[in-house]
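By convention in this document, chain letters (A, B, ...) are assigned in the order of the sequence lines, proteins followed by strands, and residues within each chain are numbered from 1.
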Protein chains: 2
Amino acid sequence: MSVDLPVHVSLAGQTVSVLRELVLTGEIAAGERVNEVGVSQRLGISRGPLREAIRHLASEGLLVLTPNRGARVPQLTPEEVRALFELRTALECAAAALAAQRRTEEDLVKMRGAVIRARTGLTTGEFPYRLDLAFHQALMDAARSPLIAEQVRLVQQRVILLRASIEVAFSHEQASIDDHEELITAIDARAGDRAAEIMSRHLDRVRDQLLT
Amino acid sequence: MSVDLPVHVSLAGQTVSVLRELVLTGEIAAGERVNEVGVSQRLGISRGPLREAIRHLASEGLLVLTPNRGARVPQLTPEEVRALFELRTALECAAAALAAQRRTEEDLVKMRGAVIRARTGLTTGEFPYRLDLAFHQALMDAARSPLIAEQVRLVQQRVILLRASIEVAFSHEQASIDDHEELITAIDARAGDRAAEIMSRHLDRVRDQLLT
DNA sequence: GAACTGTAAACTGTCGACAGTTAACAACTT
DNA sequence: AAGTTGTTAACTGTCGACAGTTTACAGTTC
């Protein structure tokens with residue numbers, strides 16, 4: 001009988017979570033440098049675990065390292081944003097196609113639920129991108145491809161980093177939800193190619209929103 | 001006038017290269033554990049930089065970490081190999097389609113050169129996968145998508161890790177090169193969809209070779 | 001002889017200090 | 001006043017040592 005309780009998480013592991021939140025919420029702004037001694041003292045730990053956390057986030061693309069000059073939060077150029085979305089499109093289109101092959105009825109229920117919550121959330125003024133992510137997450141679950149899912153998660157994180165400094169218009173959110181419904185229809189019909197196409201158009205639109 | 005000379009590379013950075021080679025060549029076998037004190041002494045460095053290198057390779061999937069139990073070289077199950085190739089297919093099919101859009105005449109020359117070297121290399125008995133990689137590299141260059149290229153590099157590394165303990169038959173190499181020539185034809189014709197299809201079939205075959 | 005318990009060795013996680021590099025500022029020169 | 005050089009402060013890179021955890025083994029019990 002295994003009661004998985006006081007899982008001792010290393011300081012480095014905890015620090016990864018803390019730092020990630022600081023970066024994603026914009027508390028550490030884009031372009032800002034991460035001072036090792038300063039942050040380690042502020043967190044009450046030594047530099048070792050903090051360094052590990054910094055390196056970890058750098059490997060996720062949430063920080064960029066410069067030799068002898070430490071880490072800073074990246075501010076992407078439009079060209080880099082386009083490259084990021086080429087990667088995202090490759091991954092999520094493939095996932096959409098796989099989801100069309102592998103989805104169960106339960107997967108469809110979850111995806112529809114995410115869309116409904118997004119529609120109601122639009123009016124109640126919840127964080128829109130959280131609701132958007134919930135749908136994409138449900139779709140990834142349906143695709144049943146753990147490695148693609150992990151890479152999608154990493155890319156989406158970097159997109160959130162972009163959004164930290166951008167306001168997205170209401171009409172755009174509306175259009176995204178419409179895309180999601182189209183996607184569900186295609187995945188329901190097991191039309192993989194069409195699902196991939198819709199996803200591609202969807203992500204092109206999202207990218208252009210972020211580039212304005 | 002910039003003369004890029006004694007670029008001081010950190011110990012951690014050098015160690016990443018050294019360790020990566022040890023893992024990819026199979027000098028550290030699959031399943032084997034990486035002892036921090038042992039390896040650091042063997043390399044003549046302290047545990048700090050080695051730890052950073054280990055974490056780095058872990059983020060690339062070349063090592064797996066277990067809390068309080070260090071790092072070992074992963075030995076993938078057939079299921080994990082399939083998942084890895086789903087990711088690879090997503091990335092390389094997208095790259096093939098992009099290459100069909102963006103390739104220049106120079107790109108085509110380089111890809112053809114890679115195929116020719118592969119054919120001659122087959123008889124002279126060079127490392128086959130090196131020649132295979134050269135083609136895929138040329139294709140990635142033609143796609144001009146730096147982030148996809150980086151991810152492809154990481155996935156291919158993990159495939160090399162698999163190959164470290166597998167012998168590939170001659171006929172399989174032959175079939176791969178044929179696929180490559182088909183790919184060049186499609187990319188030459190700017191037929192993105194067909195290029196993606198060929199790549200998909202190609203990778204399915206490679207995967208099945210590795211799973212035997 | 002098999003299963004359990006307690007102890008010791010080996011290893012990972014963390015810390016504080018020192019060394020080397022970079023960047024900013026002040027003083028000096030033209 | 002602008003440019004250059006020298007100095008200093010801040011920060012990253014590296015190291016060795018200590019603390020806590022895991023694992024292996026010996027001893028004990030049934």
> Looking at C:dA23, D:dT23, D:dT12, which one has an atom nearest to any side-chain atom of B:Arg69?
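Taking heavy atoms from C-beta onward, the closest nucleotide is D:dT23.
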
> Of the residues in residues 13-21 of chain B, which ones touch DNA chain C at a heavy-atom distance under 4.0 Å?
none

> So, does B:Thr89 use its side chain to make a donor-acceptor pair with the main chain of B:Phe85 at under 3.5 Å?
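Pair found, side chain donor or acceptor close to backbone of B:Phe85.
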
> What's the CZ-C1' distance between A:Arg72 and D:dT12, to the nearest Å?
15 Å

> From D:dC15, C:dC15, C:dT12, pick the nucleotide closest to the side chain of B:Leu11?
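Looking only at heavy atoms from C-beta outward on B:Leu11, the closest nucleotide is D:dC15.
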
> Is the backbone N or O of A:Ile187 less than 3.5 Å from a side-chain atom of A:Arg103, with the two atoms forming a donor-acceptor pair by type?
yes

> Is it true that a side-chain atom of A:Asp208 and a backbone atom of A:Arg205 form a donor plus acceptor pair closer than 3.5 Å?
no

> Side chain of B:Gln156, backbone of B:Arg153: donor and acceptor closer than 3.5 Å?
no

> Compare the minimum distances between each of D:dG13, D:dG16, C:dT14 and the side chain of A:Asn68, then state the nucleotide with the smallest one.
D:dG13

> Counting N and O atoms only, with roles assigned by atom type, does the side chain of A:Arg102 sit under 3.5 Å from a partner on the main chain of A:Ala143, one being a donor and the other an acceptor?
yes

> Count the heavy atoms of every other residue, nucleotide or ligand shown that sit under 6.0 Å from CZ of A:Arg72, and state whether that count exceeds 12.
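Counting other residues, nucleotides and ligands, CZ of A:Arg72 stays at 12 neighbours or fewer.
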
> Which whole-number value in Å describes the distance from A:Gln41 CD to D:dT12 P?
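That distance rounds to 12 Å.
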
> Check DNA chain C against residues 47-63 of chain A and give the residues with a non-hydrogen atom under 4.0 Å, in numerical order.
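By residue number: A:Arg47, A:Pro49.
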
> Donor-acceptor pair, distance only, cut-off 3.5 Å: does the side chain of B:Glu80 make one with the backbone of B:Thr77?
yes

> Please report the distance, rounded to the nearest Å, between CD1 in B:Ile45 and P in C:dG20.
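B:Ile45 atom CD1 is separated from C:dG20 atom P by 17 Å.
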
> Atom CD of B:Glu36 and atom P of D:dG16: how far apart are they, to the nearest Å?
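Value for this atom pair: 15 Å.
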
> With nearest nucleotides of DNA chain C determined for A:Arg33 and B:Arg33 from heavy-atom distances, which residue corresponds to the more 5′ nucleotide?
B:Arg33

> Are A:Glu60 and A:His56 close enough that a side-chain donor and a side-chain acceptor fall under 3.5 Å?
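Yes, because at least one side-chain N or O of A:Glu60 sits under 3.5 Å from a partner of the opposite role on A:His56.
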
> What contact category does A:Val34 fall into here, base, sugar-phosphate, or nothing, at under 4.0 angstrom with non-hydrogen atoms?
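Sugar-phosphate contact only.
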
> Looking at C:dT12, C:dT21, D:dT14, which one has an atom nearest to any side-chain atom of B:Asn35?
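Closest nucleotide among those given: C:dT12.
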
> Checking side-chain polar atoms at under 3.5 Å, does B:Ser176 have a donor or acceptor matched by the opposite partner on B:Asp179?
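The answer is no; no qualifying pair exists.
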
